[in-house]
Amino acid sequence: LLAETGCIYVHLDYRMVHYIKVLMDEIFGEDGLKAEIIWNYETGGVNKNEYGKKHDSILFYTKSDKFIFNAQDILEKRGKEVLKRLATGVESATRARNELRLPTDVWRIPAINAMALERMDYATQKPEALLEKIIKASSVENNIVLDCFMGSGTTCAVTQRLGRRWIGVDVNKGAIQVTSKRLQQIVKEQQENLID
């Protein structure tokens, strides 16, 4: 069902990523893997007896070489040191020419904290910033975005705000209720904005 220009992002933790990567390689071929994105969230406590587990992997596969990748839509701010060198105005101080850079495969996006406005009190909820980056990178307006494990509906919510079409699927009735309520609020806000 995946379009020739389509792609798939598979979000996993360290316990499963190597198993699923082998399966995905069988389906899409080794050339189908475009990146293993490391989502570093640095939130919560750390066990004193082992390394703190503060990242998940997101495997990024494509069906063909015709996939959509909007790098300019997800530019990142450069590090403090590079920004400091740019501010000197000395051309030889850095190879960078502006304050933004193309994204890397390591994303530092905080997990949702207890006070976040987007928080839905859903255990597996992902931050909107994470899904926004993925959706902006790999789709354009009116494309269809499918989330087979929609949970709290973050993918559908972000997709709706970005003017894409969406399909959300989940076997959990609670997930469907949370997502439905969330999307109704977004559509209401969008309609109010059109009236204003």
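Remember, predicted model here, so these are calculated numbers, not experimental data.
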Determine the minimum heavy-atom distance between Glu128 and Arg182, stating which atoms define it.
-> OE2-NH2, 2.9 Å
Leu59 and its side-chain contact (heavy atoms from CB on, under 4.5 Å) partner, picked from Ile8, Leu12, Asp25, Ile37 = Leu12
In short, Ala137 meets Tyr9 closest at the heavy-atom pair CB-OH, 4.2 Å
Correct closest heavy-atom pair for Asp170 and Met150 would be OD2-N, 3.3 Å
Any chain of hydrophobic side-chain contacts (each under 4.5 Å) joining Trp166 to Val140?
-> no
Is Phe28 reachable from Ile20 through a run of I, L, V, M, F, W or Y residues, each pair having side-chain heavy atoms under 4.5 Å apart?
-> yes
Distance from Glu99 atom CD to Leu86 atom CG, nearest 0.5 Å?
-> 7.0 Å
How far apart are the C-alpha atoms of Val187 and Gln184, what are their side-chain angles, what is the distance that settles it, and do they pass the side-chain contact (heavy atoms from CB on, under 4.5 Å) test?
-> CA-CA 5 Å; Val187 169; Gln184 287 173 22; 6.0 Å; no
In sequence, state the C-alpha distance, the side-chain angles, and the governing distance for Lys21 and Leu33, and then conclude on side-chain contact (heavy atoms from CB on, under 4.5 Å).
-> CA-CA 9 Å; Lys21 184 186 177 302; Leu33 178 65; 3.4 Å; yes
Working for side-chain contact (heavy atoms from CB on, under 4.5 Å), residues Glu76 and Lys133 = CA-CA 10 Å; Glu76 302 172 339; Lys133 192 165 189 168; 2.5 Å; yes
ILVMFWY network linking Leu162 to Ile186, side-chain heavy atoms under 4.5 angstrom = no
Would you confirm whether Arg164, through its side chain, and Ser139, through its main-chain N or O, come within 3.5 Å as a donor-acceptor pair?
-> yes
Under 3.5 Å donor-acceptor, Lys126 side chain and Thr124 backbone | yes
Nearest heavy atoms of Ile74 and Pro103, plus distance in Å = CD1-CG, 3.6 Å
So CD of Glu91 and CZ of Arg95: to nearest 0.5 Å the spacing works out to 13.5 Å
When the ring planes of Phe60 and Phe67 are compared, do they come out parallel, tilted or perpendicular, using 30° and 60° as the limits?
-> perpendicular
How about Phe149: does its CZ atom have over 12 heavy atoms from other parts shown lying under 6.0 Å from it?
-> no
Enter the distance from Asp31:CG to Tyr61:OH here, rounded to the nearest 0.5 Å.
-> 10.5 Å
Any side-chain heavy atom of Ile167 sitting closer than 4.5 Å to one from Asp147?
-> no
Taking a hydrophobic cluster as the set of Ile, Leu, Val, Met, Phe, Trp and Tyr residues connected by side-chain heavy atoms closer than 4.5 Å, whether directly or through intermediates, do Met16 and Val22 fall within one such cluster?
-> no
Say whether, by atom type as modelled, one donor and one acceptor occur between the side chain of Glu132 and the main chain of Pro127 under 3.5 angstrom.
-> no
Would Thr94 and Arg78 satisfy side-chain hydrogen bond (donor to acceptor under 3.5 Å, both in side chains), going step by step from the backbone distance to the final call?
-> CA-CA 12 Å; Thr94 179; Arg78 293 188 185 277; over 6 Å; no
Judged by atom type as modelled, is there a donor-acceptor pair below 3.5 Å linking the side chain of Lys63 to the main-chain atoms of Leu2?
-> yes
Give a yes-or-no answer on whether the side chains of Tyr14 and Asp56 include a donor-acceptor pair shorter than 3.5 Å.
-> no
Quick one: closest heavy-atom pair of Ser152 and Thr179, and the distance?
-> C-OG1, 3.4 Å
Distance-only donor-acceptor check, side chains Tyr122 and Thr154, under 3.5 Å | no
